Chemist: 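Starting off with a structure, shown below.
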Amino acid sequence: MKKLLVLAAFLALLGFANCSAPLEPGTPVETVATIESNAANNGKRFSVEGYICTPDSLYDGENEILPVTIWTEPAGEGELICTLQMRHYVTKNSFYVTDTSYTDEDMRFIDNENVQHEYDELARFSFTAKQAPDGTWTYTDVRIDAVE
C-alpha cells in the first residue's frame, strides 16, 4: 500500500511538471532595440503592437516554428518592428494560411482567447526575449492578444 501511495504521488508530480504555464503578457516596448541594449533582459517577457506578415516560405507545412515579421502597417508595409518565432498551426497563439500558394491576405492568426483574426488586424504580440551565447537575440513563446 505504501509503495502504491509513493507511486501515485510521483505520477502526480510528473503530471504537474509536464503542464506548461499559460503565456503571460509582456512589458510593452516600441522596438526590440530597447530589449537588445541590455543583457539583463534575457529571459524576460515583452510585447509589441503591430501587424503580422507571412514568412517567405512555409517549409514543410504545419506545426513548425517559423520566423514571422511584425510591422507597423499591414502586409509588411511601414517599418519592421521585430521577427518572432511562431507556430504555423491552427491553434491559439499561432498563425496559418488558407492556401498553399499564399499571399499576406491568406494569412490568419489565432489569439490567446482562441479567436481567429485577419492579417490586417492590429494585435499585441507578447514574447520571451532570449539571448544566445554569441549575442544574437530570438523572440519565442508568443502570446497574441487582440487590440480593442
Side-chain angles (χ1 to χ4, degrees), residues 8-133 135-148:
F10 173 75
L11 291 175
L13 287 174
L14 185 62
F16 287 127
N18 287 331
C19 294
S20 59
L23 296 171
E24 296 296 323
T27 302
V29 294
E30 293 291 319
T31 68
V32 293
T34 305
I35 299 167
E36 295 175 358
S37 66
N38 187 348
N41 288 329
N42 187 27
K44 294 182 180 176
R45 292 203 45 89
F46 296 93
S47 69
V48 295
E49 287 187 7
Y51 299 89
I52 193 169
C53 189
T54 56
D56 292 334
S57 171
L58 292 180
Y59 306 105
D60 294 327
E62 291 187 339
N63 206 21
E64 292 187 74
I65 303 294
L66 300 173
V68 174
T69 52
I70 307 301
W71 295 80
T72 58
E73 301 294 329
E77 297 293 324
E79 294 181 36
L80 174 66
I81 299 172
C82 66
T83 301
L84 304 175
Q85 301 298 316
M86 286 183 58
R87 184 163 305 281
H88 173 229
Y89 201 63
V90 183
T91 187
K92 73 180 189 175
N93 296 314
S94 67
F95 77 97
Y96 69 98
V97 294
T98 59
D99 191 342
T100 54
S101 58
Y102 65 90
T103 64
D104 286 323
E105 290 79 16
D106 299 315
M107 183 177 219
R108 307 291 181 269
F109 62 94
I110 303 172
D111 70 16
N112 194 60
E113 302 300 320
N114 227 9
V115 176
Q116 178 181 295
H117 299 272
E118 301 291 321
Y119 79 100
D120 59 352
E121 292 182 53
L122 181 66
R124 182 174 302 108
F125 298 88
S126 295
F127 51 87
T128 302
K130 297 179 182 177
Q131 187 177 29
T136 59
W137 290 84
T138 56
Y139 305 106
T140 62
D141 307 320
V142 177
R143 171 187 167 136
I144 307 170
D145 292 291
V147 174
E148 303 294 324

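Small disclaimer: the values here were computed from a predicted structure and weren't measured. Hydrogens, waters and symmetry mates play no part in the numbers below; they use all other heavy atoms, side chains included.
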Chemist: Just distance, no hydrogens or angles: give the donor-acceptor pairs under 3.5 Å from side chains in residues 66-76, sequence neighbours left out.
Modeler:
{"unit_1": "Thr69", "atom_1": "OG1", "unit_2": "Trp71", "atom_2": "NE1", "d": "2.8"}
{"unit_1": "Thr72", "atom_1": "OG1", "unit_2": "Glu79", "atom_2": "N", "d": "2.7"}

Chemist: What closest approach, in Å, do Cys82 and Val32 show between heavy atoms, and which atom pair accounts for it?
Modeler: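 Looking at all heavy atoms of both residues, the shortest contact is CB-CG1, 3.4 Å.
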Chemist: Work out which heavy atom in Phe127 is nearest to a heavy atom in Phe125; give both atom names and the distance.
Modeler: CD2-O, 3.4 Å
Chemist: Give me the atom names and distance for the closest heavy-atom approach of Ile81 to Gly50.
Modeler: CD1-CA, 4.1 Å
Chemist: Are Val90 and Ile110 packed together at the side-chain level, in the sense that at least one heavy-atom pair is separated by less than 4.5 angstrom?
Modeler: yes
Chemist: Of all residues at least two apart in sequence or in a different chain, which pass the side chain to side chain donor-acceptor pair (under 3.5 Å) check with Thr27?
Modeler: none
Chemist: In this structure, is the centre-to-centre distance between the rings of His88 and Tyr96 below 6.0 Å?
Modeler: no
Chemist: Would you please name every residue forming a side chain to side chain contact (heavy atoms under 4.5 Å, CB included) with Ala132, sequence neighbours left out?
Modeler: Asp134, Thr136
Chemist: Can you name the salt bridge (Lys or Arg N to Asp or Glu O under 4.0 Å) partners of Glu121, sequence neighbours left out?
Modeler: none
Chemist: Between Met86 and Ile52, is a side chain to side chain contact (heavy atoms under 4.5 Å, CB included) present by the stated rule, with each step listed?
Modeler: CA-CA 11 Å; Met86 286 183 58; Ile52 193 169; 4.0 Å; yes
Chemist: Going by the rule side chain to side chain donor-acceptor pair (under 3.5 Å), which residues pair with Glu24 if we only count those two or more places apart in sequence or in a different chain?
Modeler: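 Once residues adjacent in sequence are excluded, Glu24 has no partner under the side chain to side chain donor-acceptor pair (under 3.5 Å) criterion.
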Chemist: Using side chain to side chain donor-acceptor pair (under 3.5 Å) as the criterion, list what pairs up with Gln85, not counting sequence neighbours.
Modeler: none
Chemist: Provide the full list of side-chain hydrogen bond (donor to acceptor under 3.5 Å, both in side chains) pairs with a residue in residues 31-42, sequence neighbours left out, each pair given once.
Modeler: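 Sorted result for residues 31-42: Glu36-Tyr139.
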Chemist: Give me each pair satisfying salt bridge (charged side-chain N to carboxylate O under 4.0 Å, His left out) with a member in residues 137-148, each pair once, sequence neighbours excluded.
Modeler: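 Found Lys130-Asp141, Arg143-Asp145.
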Chemist: Minimum heavy-atom separation for Ser94 to Tyr89, with atom names?
Modeler: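 Where Ser94 meets Tyr89 most closely, the heavy atoms are OG-O, 2.5 Å.
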Chemist: Hey, could you give me the NZ/OG1 distance between Lys44 and Thr128, rounded to the nearest 0.5 Å?
Modeler: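 It comes to 12.5 Å.
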Chemist: Taking side chain to side chain donor-acceptor pair (under 3.5 Å) as the test, write out the residues that go with Ser47, two or more places apart.
Modeler: none
Chemist: Return the minimal non-hydrogen interatomic distance between Thr91 and Asn114, and the atom names on each side.
Modeler: C-OD1, 4.1 Å
Chemist: Test: salt bridge (charged side-chain N to carboxylate O under 4.0 Å, His left out). Region: residues 108-117. Which pairs qualify, not counting sequence neighbours?
Modeler: Arg108-Glu118
Chemist: Holding to salt bridge (Lys or Arg N to Asp or Glu O under 4.0 Å), I want the full list of residues that pass it with Arg45, two or more places apart in sequence or in another chain.
Modeler: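 Expected list: none.
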Chemist: Please find the pair of heavy atoms, one from Val142 and one from Leu23, that lie closest to each other, and give the distance.
Modeler: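 Between these two residues, the closest heavy atoms are O-CD1, 3.1 Å.
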Chemist: Not counting sequence neighbours, which residues clear ring pair (Phe, Tyr, Trp, His ring centres under 6.0 Å) with Tyr51? List them please.
Modeler: none
Chemist: So how far is it from Leu84 CG to Ile144 CD1, rounded to the nearest 0.5 Å?
Modeler: 8.5 Å
Chemist: Nearest 0.5 Å, please: how far is SG in Cys53 from CD in Glu77?
Modeler: 8.5 Å
